[in-house]
Amino acid sequence: IQLYKLTIIVPEGQELVYKSANGVPEPRIEGNVYTWTIEDYEGFVPEPQGPRGRNVFPAVYYTTIKSWNLAADYIQKRVAPKILVDESVQAKADEIVGAFIGRDAIDTLTYWVARNIEFIDINLGDAGYVPNEASKVLENGFGDNRDRAVLLAALLKARGFDYQMALVSPRNVRIEQSVPAIAQFSRMMVTVKDPSNGERIWLWTEDEYTPTGFMPGFGGEKALLVSPGKGELTEVPMVDPDENNIILNFDIAIGESGEMAGTMNAEFYGNYAIDFKRIFRDASPRRREQRIESIVSNLGGAKLKGDNAFEISGVDNLEDIPRLRVDFETDEFAFIQDEMMIFNFPQNPMSFTESQISTSLDEREEPLVLSTAFKETYNFNVTIPADYRLAWVSEPTSVSNGFGSIMVNSTQDGGLVNYGITLKVDNCWVEPNRYSEARDLMRSYMSPKNRMILLERVSADDNEPEGAE
């Protein structure tokens, strides 16, 4: 870019609150006219999984609102009058909740809005900050994030719950706290106090697969809680990796020619459950089978084995844990060279549940940014061929640092090898000076030694009993 200018003319009697960020020079100020000029900007190639948009590119934050209290009041005055409980809203709230009370009632109302009010994807501010009235949203059956939030707040109000509106930024985008500009936020949502313990519950309604209180991609970021005359920047709770994880259990038998047959059982939690339900919940039986066949083919070109070769459960209700069982077989999987057989443990065959972390760079200039903390556990029970013995398997080990941890377990009982590896990632925003922790941990996790076992063919002499001639 050879030349870029941004000019802001501030209305008489108002002051501009601003910050020049990411290499933008300070403005030239002439009375009420502010001018920023960027010349000969060379740009740069963003690093993989780096910060988004305004957190890395040249940016100017600005507003004439002087404080977060005033920013919240601006929103409150436009939103609060729309949260009206008329007869239609009260009747609908009573109908939805039925005999449920407490947290169950909150969950039921949230799920109903997510599933029954069609979502119109418009960022906060793109269509202004004034939503439709709750009864109008209910009548229309559709709405953007403002409308859904207003309707949910009215339904909660109708049942006597203590709610509070909140503004959140785009996922994994940080707020410039020194500039109280509401344009930094992209979504309006509702929070409510849990009647049992008083803790704040974040209610996400933009899809019908996310359970209440789960906010992937927003953990650790700042949200603006809105009250009359008061705005509070508060941190969205981090996602616990133990609540955002996938568990894959494989029971496998290896044939003497390298063929493989077995069963994969999978359990999904958090983001993994959301993705699994999104793909399978409303799919037809034939479409489900096609998707399972595609998954199985990623196991070394395997195919489904036998009748009733797969089972899907727990996808119909948000509170249920989704599970998958698949029986599979393939004629070629292990690699045989001379007297050795190399068996590489199957990877996660479901690309839609993979958590990608880019550590190809030796060093970074930008932070490494992940959507959320997570945990992945793989357990393998491998029956080896009778004419082979275990020559090598990775020893049990545990490694941890500021980024996360790896745990490896391995045992052998005759012809059965048990191997397990767990990756846990705790830190979603890794500064460049801490990047080596993520790089080293992930490279260790992906190391071939943690992905295979070596088998050695047993010779006839090895099988001779002692004293035999």
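Since we're looking at a predicted model, the values are computed, not measured.
- Between the side chains of R171 and T372, no donor N or O sits under 3.5 Å from an acceptor N or O.
- The two atoms that bring P195 and I106 nearest to each other are CD-CD1, 3.8 Å, heavy atoms only.
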(request) Could you give me the CA-CA distance, side-chain angles and deciding distance for R146 and D126, then say whether salt bridge (Lys or Arg N to Asp or Glu O under 4.0 Å) is met? (result) CA-CA 11 Å; R146 305 166 306 165; D126 286 354; over 6 Å; no

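- Summarising the local packing, CG of L361 is surrounded by more than 12 heavy atoms from other residues, nucleotides or ligands at distances under 6.0 Å.
- Considering every non-hydrogen atom in both M260 and P346, the closest pair reads SD-CG, 4.3 Å.
- One side chain, T210 or D207, offers a donor N or O that lies under 3.5 Å from an acceptor on the other.
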Show me the donor-acceptor pairs within less than 3.5 Å that the side chains of residues 303-320 make with the rest of the protein, sequence neighbours left out.
{"unit_1": "N317", "atom_1": "ND2", "unit_2": "D320", "atom_2": "OD2", "d": "3.2"}

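- A salt bridge is absent between R287 and D282: the closest approach of a Lys/Arg side-chain nitrogen to an acidic carboxylate oxygen does not fall below 4.0 angstrom.
- The number of heavy-atom neighbours closer than 6.0 Å to CE of M238, taken from other residues, nucleotides and ligands shown, is above 12.
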For residues 410-417, which side-chain N or O atoms pair as donor and acceptor with protein atoms under 3.5 Å away, sequence neighbours left out?
{"unit_1": "S410", "atom_1": "OG", "unit_2": "S394", "atom_2": "O", "d": "2.7"}
{"unit_1": "T411", "atom_1": "OG1", "unit_2": "N418", "atom_2": "OD1", "d": "3.2"}
{"unit_1": "Q412", "atom_1": "NE2", "unit_2": "G414", "atom_2": "O", "d": "3.0"}

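- Taking the ring-ring contact (aromatic ring centres under 6.0 Å, His included) definition, one finds that Y111 meets it with nothing, sequence neighbours left out.
- Scanning all heavy atoms of the two residues, the minimum distance from T330 to L299 falls at CG2-O, 4.2 Å.
- Taking CD from Q49 and CD from Q356, the interatomic distance works out to 7.5 Å, rounded to the nearest 0.5 Å.
- Applying the salt bridge (charged side-chain N to carboxylate O under 4.0 Å, His left out) rule to pairs touching residues 289-300 yields R286-E289, sequence neighbours excluded.
- Applying the ring-ring contact (aromatic ring centres under 6.0 Å, His included) definition to pairs two or more places apart or across chains, those involving residues 190-211 are W204-F218.
- Taking CG of N427 as the start and CG of L441 as the end, the distance is 11.5 Å to the nearest 0.5 Å.
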Could you tabulate the donor-acceptor pairs under 3.5 Å formed by side-chain atoms of residues 331-344, not counting sequence neighbours?
none

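- Using a 4.5 Å heavy-atom cutoff, the side chains of L203 and T191 are not in contact.
- Between E431 and R434, no side-chain nitrogen of the basic residue sits less than 4.0 Å from a carboxylate oxygen of the acidic one, so the salt-bridge criterion is not met.
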(request) Evaluate salt bridge (Lys or Arg N to Asp or Glu O under 4.0 Å) for D275 paired with R278, printing each intermediate quantity in order. (result) CA-CA 5 Å; D275 291 338; R278 180 180 287 114; 3.1 Å; yes

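- Among residues two or more places apart in sequence or in another chain, the side chain to side chain contact (heavy atoms under 4.5 Å, CB included) test is passed with E376 by I246, Y272, S355, F374, Y378, Y445.
- Taking a 6.0 Å sphere around CZ of F142, one finds it holds 12 or fewer heavy atoms contributed by other residues, nucleotides or ligands.
- Applying the ring-ring contact (aromatic ring centres under 6.0 Å, His included) definition to pairs two or more places apart or across chains, those involving residues 403-439 are F345-Y419.
- Among residues at least two apart or in separate chains, there is no salt bridge (charged side-chain N to carboxylate O under 4.0 Å, His left out) pair with a member in residues 50-60.
- Scored by the side chain to side chain contact (heavy atoms under 4.5 Å, CB included) test, P58 finds V24, I38, Y41 as partners (sequence neighbours excluded).
- Legend: side chain to side chain donor-acceptor pair (under 3.5 Å) pairs involving residues 239-253, not counting sequence neighbours, sorted by first then second residue: D242-K375, N249-N379, D251-N381.
- Contact annotation: the side chain of I292 approaches that of L324 to within less than 4.5 Å [non-hydrogen atoms, C-beta and beyond].
- F185 meets the ring-ring contact (aromatic ring centres under 6.0 Å, His included) test with W68; sequence neighbours excluded.
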